[in-house]
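Worksheet: the structure to be examined is printed underneath.
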Amino acid sequence: MTRAERDLNEITETLSSALVDNNVKAAARTIASISTADAATVLERLGTKQRAVAYRLLPKDDALDVFESLDPVVQSEIVGGLRNEEVSRLFAELDPDDRVWLVDELPAKVAGRLLSGLPASERRLTASILGYPKDSIGRRMSPEYVSAHADFTVDEALVKVRRLAGQAETVYTIPVVDSSRKVVGVVELKDLLIADGAAEVSTVMVEPEMVAATDGDEDAARRLSDLGFLAMPVVDSEARLVGIFTIDDAARILEYEESQDRARQGGTEDLRRPYLSTPVFSIARSRVIWLLVLAVGASLTVQVLSAFEATLAQVTVLSLFVPLLIGTGGNTGNQAATTVTRALALGDVHSGDVARVAGREVRVGFLLGLLLGVLGSVITGLIFGWDIGLVIGLTLLAVCTVSATIGGCMPLLAKAIRADPAVFSNPFISTFTDASGLVIYFFIAKAVLGI
């Protein structure tokens, strides 16, 4: 544990103790003595009731910054612990895109009440985002931007930037539009600052990279991140400017999506909030469904063992190697699935690449199986005899080849049917390869040993 982590733990304990003792002054001093980033971390570690009280003790100038740093689920819990007038004021101070993140976590009645209490201009901006489908980039963009007309002079564009900078999400990337609001280019603020003031913006702008408002948020976030831009214009179906999508929002989306994928690959659901602030019941609920599904799937393995019970009775030594073969097959399939799922997320492969991925994984699995098979055959042969060694060696070769191929193809098949590739990954692949691996094992044993 680093010194910074120890300090945060001590601050959390001190604040929690002060709140338990109803020592409001001590609690206020504690939370006012740390940065907004540390305050957000401390709040996430407190219980729900203590968190709402501690948030109300934050200095007024820091409260909004801390709130915007919290996960949306934690934000919704804080909202539930504040007075109506405090909630309304806080909600109105949020940027429209941050407001939508919070709305998605609030009960419908609460969200409707807060939206109706907004000033008309803010309500229109927020409603324009809420009108787009969930998981689309339109729902994550900001409608607060600075644009410039192509026939503006550089000086005219800079005057507009200075006038609207305080209201805009970003001014570093400025969309350039024509008379019908269609995006015809983008210009960076630094390029405006060094350009001739009398020159037209059209002479300074570059070809635009933009995303459609209906595009998936993860795809758009990945694209912005790969391009290395600070922001991209968001357009409607006719290429008219409707918003701006910034790199900080892209990072937030990618963090959420990758957390969800990692959780599902491990056979659970993403907690969508810090671990220490998640109720124990919620953690258990996020895992139990997957455990039940996997328990049903594991019955396949039991059925296979039951079907080959006579084979095991004749050569009991075969039962010793069942855990080894099951584990090797599951691990090989999981490795392949994890690699391909990540490649899908990065756009390195697509659902139409099933044949190419299968071909590569067959070769990878064969090489892994050959190495493990030779090693396993020699070691087993020296201890249990060369006929058993041959069975183990051939089984490892076959199991690794099959498991790698299945593990590599399943995420692509999931993508093709528009399912989440992570759902088809590690837990399900382990169950499937366990059963298929045992079938391979016993057929090879019967053929080699003549039983």
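For reference, positions follow the sequence shown, starting with 1.
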Any side-chain heavy-atom pair from [X] and [Y] closer than 4.5 angstrom?
{"X": "Ile34", "Y": "Ile11", "answer": "yes"}
{"X": "Phe245", "Y": "Ile253", "answer": "yes"}
{"X": "Phe91", "Y": "Leu115", "answer": "yes"}
{"X": "Ile137", "Y": "Val234", "answer": "yes"}
{"X": "Leu15", "Y": "Val42", "answer": "yes"}
{"X": "Ser17", "Y": "Val20", "answer": "no"}
{"X": "Leu125", "Y": "Pro143", "answer": "yes"}
{"X": "Ile247", "Y": "Phe229", "answer": "no"}

Within this structure, what is the [atom1]-[atom2] distance for the pair [X] and [Y], rounded to the nearest 0.5 Å?
{"X": "Trp101", "Y": "Ser76", "atom1": "CH2", "atom2": "OG", "value": "13.5 Å"}
{"X": "Leu43", "Y": "Gln75", "atom1": "CG", "atom2": "CD", "value": "11.5 Å"}
{"X": "Glu361", "Y": "Thr332", "atom1": "CD", "atom2": "OG1", "value": "10.0 Å"}
{"X": "Ile78", "Y": "Leu70", "atom1": "CD1", "atom2": "CG", "value": "5.0 Å"}
{"X": "Arg363", "Y": "Leu368", "atom1": "CZ", "atom2": "CG", "value": "13.0 Å"}
{"X": "Thr12", "Y": "Glu44", "atom1": "OG1", "atom2": "CD", "value": "10.5 Å"}

Is the backbone N or O of [Y] less than 3.5 Å from a side-chain atom of [X], with the two atoms forming a donor-acceptor pair by type?
{"X": "Asp178", "Y": "Ser180", "answer": "yes"}
{"X": "Ser136", "Y": "Tyr132", "answer": "no"}
{"X": "Thr341", "Y": "Thr338", "answer": "no"}
{"X": "Asp191", "Y": "Val187", "answer": "no"}
{"X": "Asp353", "Y": "His350", "answer": "yes"}
{"X": "Ser403", "Y": "Gly329", "answer": "yes"}
{"X": "Asp236", "Y": "Arg240", "answer": "yes"}

Against Ile174, only a single residue in Leu192, Leu158, Val186 fulfils side chain to side chain contact (heavy atoms under 4.5 Å, CB included); can you say which?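 So the option named by the test is Leu192.
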Going by side chain to side chain contact (heavy atoms under 4.5 Å, CB included), Ser142 matches just one of Asp97, Asp95, Ile129. Which one? Asp97
Judged by modelled atom types alone, do Ser16 and Gln50 share a side-chain donor-acceptor pair under 3.5 Å? yes
Side-chain donor-acceptor pair present, Thr126, Arg99, cut-off under 3.5 Å: yes
Less than 3.5 Å apart, which donor and acceptor atoms pair up between the side chains of residues 205-216 and the rest of the protein, not counting sequence neighbours?
unit_1 : atom_1 : unit_2 : atom_2 : d
Glu209 : OE1    : Arg223 : NH2    : 2.6
Asp215 : OD2    : Ala212 : N      : 3.1

[X] and [Y] ion-paired at < 4.0 Å:
{"X": "Lys182", "Y": "Glu238", "result": "no"}
{"X": "Arg139", "Y": "Asp104", "result": "yes"}
{"X": "Asp98", "Y": "Arg252", "result": "yes"}
{"X": "Glu156", "Y": "Lys160", "result": "no"}

[X] versus [Y], closest heavy-atom pair with distance:
{"X": "Ala92", "Y": "Leu118", "value": "CA-CD2, 3.7 Å"}
{"X": "Ala157", "Y": "Ala148", "value": "CB-CB, 4.2 Å"}
{"X": "Glu144", "Y": "Ile244", "value": "O-CG2, 4.1 Å"}
{"X": "Leu19", "Y": "Ala54", "value": "CD1-CB, 4.2 Å"}
{"X": "Gly437", "Y": "Val399", "value": "CA-CG2, 3.9 Å"}
{"X": "Gly365", "Y": "Ala404", "value": "CA-CB, 3.8 Å"}

Under the criterion side chain to side chain contact (heavy atoms under 4.5 Å, CB included), I'd like the reasoning laid out for Leu94 against Phe67: C-alpha separation, chi angles, the key distance, then a yes or no. CA-CA 9 Å; Leu94 292 173; Phe67 190 82; 3.8 Å; yes
Stepwise, does the side chain to side chain contact (heavy atoms under 4.5 Å, CB included) test hold for Leu372 with Cys400? CA-CA 9 Å; Leu372 294 176; Cys400 285; 3.9 Å; yes
Could you walk me through whether Arg356 and Arg360 pass the side chain to side chain contact (heavy atoms under 4.5 Å, CB included) test, one step at a time? CA-CA 6 Å; Arg356 295 179 63 188; Arg360 294 179 68 85; 5.6 Å; no
Using the test side chain to side chain donor-acceptor pair (under 3.5 Å), find all partners of Asp248 that sit at least two apart in sequence or belong to another chain. Thr246
Tell me, with the steps shown, if Val204 and Val154 meet side chain to side chain contact (heavy atoms under 4.5 Å, CB included). CA-CA 8 Å; Val204 185; Val154 168; 4.0 Å; yes
